[in-house]
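Because the structure is a prediction, the values reported are computed rather than measured.
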Amino acid sequence: MSTIRITKLFNFETGHALYGYDGKCKNVHGHSYKLSVTVSGKPIKDSTNVKYGMVIDFGDLKKIVNEEVVDVFDHATVFNKNTPHLELAKELKDRGHHVILVDYQPTSEMMVIDFADKIKKRLPGKIKLHSIKLSETDTSFAEWFASEN
């Protein structure tokens with residue numbers, strides 16, 4: 001049977017700041033992120049299986065991505081925990097804001113690597129993560145491909 005790729009799209013809002021950056025993105029700001037997750041596998045051949053003909057149920061893929069990425073990052077502010085932004089993060093947390101501290105510079109490039117690692121760990125046995133695309137604006141995005149990693 002043929003290997004098929006399926007893709008699910010997600011949207012979430014996240015703020016961040018790039019410590020040490022020499023442009024406007026050093027300031028705290030946000031993006032309306034668009035995340036595209038593509039997995040590959042063979043459609044289920046067992047006609048008695050409720051998922052017959054599917055590579056993975058879109059609902060199952062949605063649950064994984066929501067739990068690992070969207071529900072965590074939506075309306076959060078992300079800072080690199082290895083920078084002085086730690087003080088700002090503490091102040092925001094103390095005031096009830098949702099803050100995520102990561103061990104990388106929270107660029108789209110680094111976030112897509114983080115997301116790929118999280119999603120790969122949750123996929124069922126024969127389903128492979130093929131690619132992820134994270135758009136921070138309509139004209140700017142980062143992509144991760146399994147074939148290159």
Does the pair Asn82 and Asp103 meet the rule for a side-chain contact (heavy atoms from CB on, under 4.5 Å), with working shown? CA-CA 6 Å; Asn82 301 308; Asp103 60 1; 4.0 Å; yes
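- A cation-pi arrangement is absent between Lys26 and Tyr21, since the terminal nitrogen or guanidinium carbon is not both under 6.0 Å from the aromatic centre and inside a 45° cone about the axis.
- Within the model, atoms CD1 of Ile119 and OG1 of Thr38 stand 10.0 Å from one another, a figure rounded to the nearest 0.5 Å.
- Salt-bridge check for Lys121 with Glu68: failed, with every basic side-chain N at 4.0 Å or more from each acidic carboxylate O.
- The distance from atom NZ of Lys126 to atom OG of Ser40, rounded to the nearest 0.5 Å, is 13.5 Å.
- The two residues His98 and Asp74 come nearest to each other via the heavy atoms CD2-O, 4.1 Å.
- Of all non-hydrogen atoms in Leu134 and Ser108, the two that sit nearest each other are CD2-O, 4.0 Å.
- Closest of all the heavy-atom pairs between Val39 and Leu61 is CG1-CD1, 4.1 Å.
- Within the 4.5 Å cutoff, the side chain of Tyr52 has no heavy atoms near those of the Met54 side chain.
- Residue Phe145 holds its CZ atom at 5.0 Å from OG of Ser131, rounded to the nearest 0.5 Å.
- In the hydrophobic clustering of this structure, Val72 groups with Trp144; members are Ile, Leu, Val, Met, Phe, Trp, Tyr whose side-chain heavy atoms approach within less than 4.5 Å, directly or through other members.
- Contact between Pro43 and Gly53 at its shortest, heavy atoms only, is CB-O, 3.6 Å.
- Both Ile132 and Val78 are members of a single hydrophobic cluster when ILVMFWY side chains are connected at heavy-atom separations under 4.5 Å.
- Put simply, CD on Glu13 and OG on Ser32 are 3.5 Å apart, with the number rounded to the nearest 0.5 Å.
- Taking the side chain as every heavy atom from C-beta outward, Leu35 and Val65 approach each other to under 4.5 Å.
- Using a 4.5 Å heavy-atom threshold, the side chains of Glu67 and Arg122 count as touching.
- For the residue pair Tyr104 and Asp114, a side-chain donor N or O sits within less than 3.5 Å of a side-chain acceptor on the partner.
- Both Ile64 and Met111 belong to a common hydrophobic cluster when Ile, Leu, Val, Met, Phe, Trp and Tyr are linked at side-chain heavy-atom distances under 4.5 angstrom.
- Within a 6.0 Å sphere centred on OH of Tyr19, other residues, nucleotides and ligands contribute 12 heavy atoms or fewer.
- Lys62 NZ: 12 or fewer foreign heavy atoms inside a 6.0 Å radius.
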Please report the C-alpha distance between Asp60 and Phe58 in whole Å, then the side-chain angles of each, then the deciding distance to 0.1 Å, and finally whether the side-chain contact (heavy atoms from CB on, under 4.5 Å) criterion is met. CA-CA 5 Å; Asp60 294 340; Phe58 282 112; over 6 Å; no
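- Leu101 and Ala89 make their closest contact through CD2-CB, 3.6 Å (heavy atoms, listed as atom of the first residue, atom of the second, distance).
- Taking the six-membered ring for Trp, Phe115 and Phe73 have ring centres closer than 6.0 Å.
- In this structure, Thr137 contributes its side chain and Ser140 its backbone to a donor-acceptor pair below 3.5 Å.
- Residues Ile4 and Ile56 fall within the same hydrophobic cluster, defined by Ile, Leu, Val, Met, Phe, Trp and Tyr side chains chained together at heavy-atom separations under 4.5 Å.
- More than 12 heavy atoms of other residues, nucleotides or ligands shown are found within 6.0 angstrom of NZ on Lys8.
- A 6.0 Å sphere centred on CD of Glu87 holds no more than 12 heavy atoms belonging to other residues, nucleotides or ligands.
- With respect to the salt-bridge test (charged N to carboxylate O, under 4.0 angstrom), the residues Asp94 and Lys90 qualify.
- Hydrophobic cluster membership is shared by Leu123 and Ile113, with clusters built from Ile, Leu, Val, Met, Phe, Trp and Tyr side chains linked at under 4.5 angstrom.
- No donor-acceptor pair closer than 3.5 Å links the side chain of His97 to the backbone N or O of Leu92.
- Distance NZ/Lys24 to CG/Leu18: 14.0 Å, rounded to 0.5 Å.
- Note that the NE2 atom of His130 and the OG1 atom of Thr3 stand 10.5 Å from one another [nearest 0.5 Å].
- Using a cut-off of 4.0 Å between Lys/Arg side-chain N and Asp/Glu carboxylate O, Asp57 and Lys63 are scored as not salt-bridged.
- More than 12 non-hydrogen atoms from other residues, nucleotides or ligands lie less than 6.0 angstrom from CG of Asp46.
- When all heavy atoms of Val102 and Pro106 are compared, the pair lying nearest together is CG2-CB, 4.5 Å.
- Centroid-to-centroid, the aromatic rings of His16 and His29 come within less than 6.0 Å.
- Side-chain contact between Ile44 and Val55 is absent, with no heavy-atom pair separated by less than 4.5 Å.
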